[in-house]
Protein chains: 2
Amino acid sequence: MTTLSQLPLPPEAGGAQALATTLAHAILSGQWESGEPFPRERDLCEHFSASRNRVRNALAELSGSGLIERTAGRGTVVRDIEDWHLLDPQMSDWMAGLEAPHPQLIREVFAFRLSAEPFISELAALAATAQDLARIEAALVGMCDSATDPARREEHAEHDVAFHDAIYRASHNLVWRQMGLLLRPSIVALIQHSHHQAGSLDDSLDRHRRVFEAIRLRDPEAARDATERVLARTAADLGVENGTRSLKRPTSLPL
Amino acid sequence: MTTLSQLPLPPEAGGAQALATTLAHAILSGQWESGEPFPRERDLCEHFSASRNRVRNALAELSGSGLIERTAGRGTVVRDIEDWHLLDPQMSDWMAGLEAPHPQLIREVFAFRLSAEPFISELAALAATAQDLARIEAALVGMCDSATDPARREEHAEHDVAFHDAIYRASHNLVWRQMGLLLRPSIVALIQHSHHQAGSLDDSLDRHRRVFEAIRLRDPEAARDATERVLARTAADLGVENGTRSLKRPTSLPL
DNA sequence: ACTATACGAAATGTCTGACATTTATCGCAA
DNA sequence: TTGCGATAAATGTCAGACATTTCGTATAGT
């Protein structure tokens, strides 16, 4: 869809970064096909009544995350989804702030989690320090605390993110740790789509607690199994086929 | 080391991106401790005889990769290594271009590869298309071709990177695929440190070939084992202890 | 009719100077 | 000693002009 700048983008009066967020959301929403020309600086300046400097800074951010490609004389084009820097923390923020998440991206991120996260829990079980355990437990308590009240769904999601992120951190490897930032978009997308019914929430909390217990007891196998069960439930909620190979256990998971 | 801008940085006459590279290399070399103040814009302008615009663009790139943090009125400080965006492709480029690689980062990246890459090969064995196989084989042929001549070490390293990256791509998951960009710094660091002796190179090529064969035959188990052997050899060369748990096989690897 | 060169439009990249905004610090008075 | 306001210093923003790259087109030559 060669949508002009006129149609999709309501004007905005924020800082320079806010503009980048607006543009990024537009791209992530699929407003432009890969390879299509992006509006020129002049038009963006006019449309948002922003200085060229702010527009350029915003475009530089998009370019830094691989969303667009700019070349002097040719203009700006939207890059293919395969070239997007999914692991850039800024991208995670943008994806998480999107109200209608990009379906393919959510699936890909979740497929990654499904395969990697059980193993990360193994690492965490081997390397977690007391501080790591405290962080995980705090998040767990927060999840339980905000579970009953349906009005605190957002808070619950934050604790959920914190729980999984704490596990990534407990792996004590800088690379895995960085990936914890991928969790937010994946989890908020889940929250928006699936309304937890009363019973399943207790179930979910129990599964999370078992992961924590396994890590606390330094039992890698148990931590992996427990994490697989947590994700299996989430996968079912999301409607993702769990045909993706989960590490080296192709046997069907006992749901 | 509160090194002033005077001492560490030779002047440069490139574009805006070149300046960012110079500054990034300085930070990655450990010229500034975490939390220390970074030179002010004015000083950088003077030192590099660059306009404030170029300096600001360069600093924006560093900020985007998490290397520095800028706040109006306070100044610019270098962030902790834990906050660096290791998965930003730009960071990989900067790390690869560094002549004296950051030892901790290399170890962390390699520890990640050691744990994740066998599993990625499993995925590749399950999902590789004919095009993927062609890419892997082409890289393998390039490695063999440039193996004998010691003057083409750099070219050999490029094919090595291409080989492993092609496997990441063959996983057909966008997240794993992005991680292939981490390979370059890891591999070039290896090349610089270890001079392959004649016999071990044949051995290395043979191990790589077995990975390719396993993927071609759609044998995930074999692909995993073969990849573990490739990495075990590299780990030995790098002097990294392979005590890190490689997936779910804590038994010592048969080297 | 086809090719090659030269010109010019359009877009991004860069420079310069000024002003706005945020932050920390210092001095001063209650 | 504490609280408050003025000042300085740093980054953020704006505006306008110019440089550079790229592509299309027109034109001249073969």
Side-chain angles (χ1 to χ4, degrees), chain A residues 2-6 9 11-24 26-27 32 35-79 83 90, chain B residues 2-6 9 11-24 26-27 32 35-79 83 90:
Chain A
T2 55
T3 332
L4 262 175
S5 156
Q6 317 284 57
L9 309 179
E12 174 147 343
Q17 202 160 357
L19 213 171
T21 300
T22 300
L23 296 176
I27 295 179
W32 287 276
E36 259 193 295
F38 200 73
R40 302 165 301 180
E41 292 181 353
R42 278 178 38 204
D43 297 340
L44 293 174
C45 291
E46 189 177 351
H47 185 62
F48 292 104
S49 61
S51 81
R52 191 161 161 242
N53 221 321
R54 258 175 50 187
V55 169
R56 280 183 60 75
N57 286 343
L59 292 177
E61 281 194 52
L62 299 192
S63 173
S65 294
L67 290 177
I68 59 176
E69 181 172 9
R70 320 190 67 198
T71 56
R74 228 159 73 103
T76 303
V77 299
V78 177
R79 299 184 69 178
D83 298 322
Q90 189 119 55
Chain B
T2 56
T3 331
L4 261 174
S5 156
Q6 316 285 58
L9 309 179
E12 175 147 343
Q17 204 161 357
L19 212 172
T21 300
T22 299
L23 296 176
I27 295 179
W32 286 275
E36 261 193 298
F38 200 72
R40 301 165 304 182
E41 293 181 350
R42 277 178 40 203
D43 296 341
L44 293 173
C45 291
E46 188 177 352
H47 185 63
F48 292 103
S49 61
S51 81
R52 201 161 92 103
N53 219 323
R54 256 175 50 188
V55 169
R56 280 184 60 75
N57 287 344
L59 291 177
E61 281 193 53
L62 299 192
S63 172
S65 293
L67 290 177
I68 60 177
E69 181 172 10
R70 318 191 68 197
T71 57
R74 231 158 71 104
T76 304
V77 297
V78 177
R79 298 183 70 177
D83 299 322
Q90 188 116 57

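Below, chains carry the letters A, B, ... as their sequence lines are ordered, and counting in each starts from 1.
Considering only the side chain of A16(B), dT14(C) comes nearest among dC15(C), dG13(C), dT14(C). Nearest nucleotide to the side chain of N57(A), out of dT13(D), dG13(C), dC14(D): dT13(D). Closest contact between the side chain of R54(A) and the listed nucleotides dC15(C), dT13(D), dT11(D) involves dT13(D). Picking from dG13(C), dT16(C), dT11(D) the nucleotide with the shortest atom distance to the side chain of A72(B) gives dT11(D). If you check dC14(D), dC15(C), dT12(C) against the side chain of S51(A), the one that comes closest is dC14(D).
When rounded to the nearest whole Å, the span between CZ of R56(B) and C1' of dT13(D) equals 8 Å. Distance Q17(B) CD to dT20(D) P: 19 Å, rounded to the nearest Å. Remark: C1' of dC15(C) and CZ of F48(B) are 18 Å apart, rounded to the nearest angstrom. Counting to the nearest Å, the P atom of dT23(C) and the CZ atom of R70(B) are 14 Å from each other. Per the geometry, CD belonging to E41(A) stands 16 Å off P belonging to dG16(D), to the nearest Å. The nearest whole Å value for the distance from the CG atom in L59(B) to the P atom in dA10(D) is 14 Å.
Of the side-chain N and O atoms in R40(A), one or more sit less than 4.0 angstrom from OP1 or OP2 of dA11(C). Taking 4.0 angstrom as the limit, T76(A) places a side-chain polar atom (N or O) nearer than this to OP1 or OP2 of dT12(C). Under 4.0 angstrom from either OP1 or OP2 of dA9(D) there lies no side-chain N or O belonging to R74(B). Taking 4.0 angstrom as the limit, R42(B) places a side-chain polar atom (N or O) nearer than this to OP1 or OP2 of dA10(D).
Formation of a donor-acceptor pair under 3.5 Å by the S49(B) side chain with backbone atoms of C45(B) is not found in this model. The closest donor-acceptor contact from the side chain of S51(A) to the backbone of N53(A) lies under 3.5 Å.
A donor-acceptor pair shorter than 3.5 Å can be found between the side chains of T76(B) and R70(B).
With respect to E69(B), the side chain to side chain contact (heavy atoms under 4.5 Å, CB included) criterion is satisfied by exactly one of D83(B), L62(B), V77(B): V77(B).
Ranked by how close their nearest DNA chain D nucleotide is to the 5' end, F38(B) and N53(B) are led by F38(B).
Note that CZ of F48(B) and OG1 of T22(B) are 6.0 Å apart. Values are rounded to the nearest 0.5 Å.
Using a 4.0 Å heavy-atom cutoff across all strands shown, R52(A) reaches at least one base atom of the nucleic acid.
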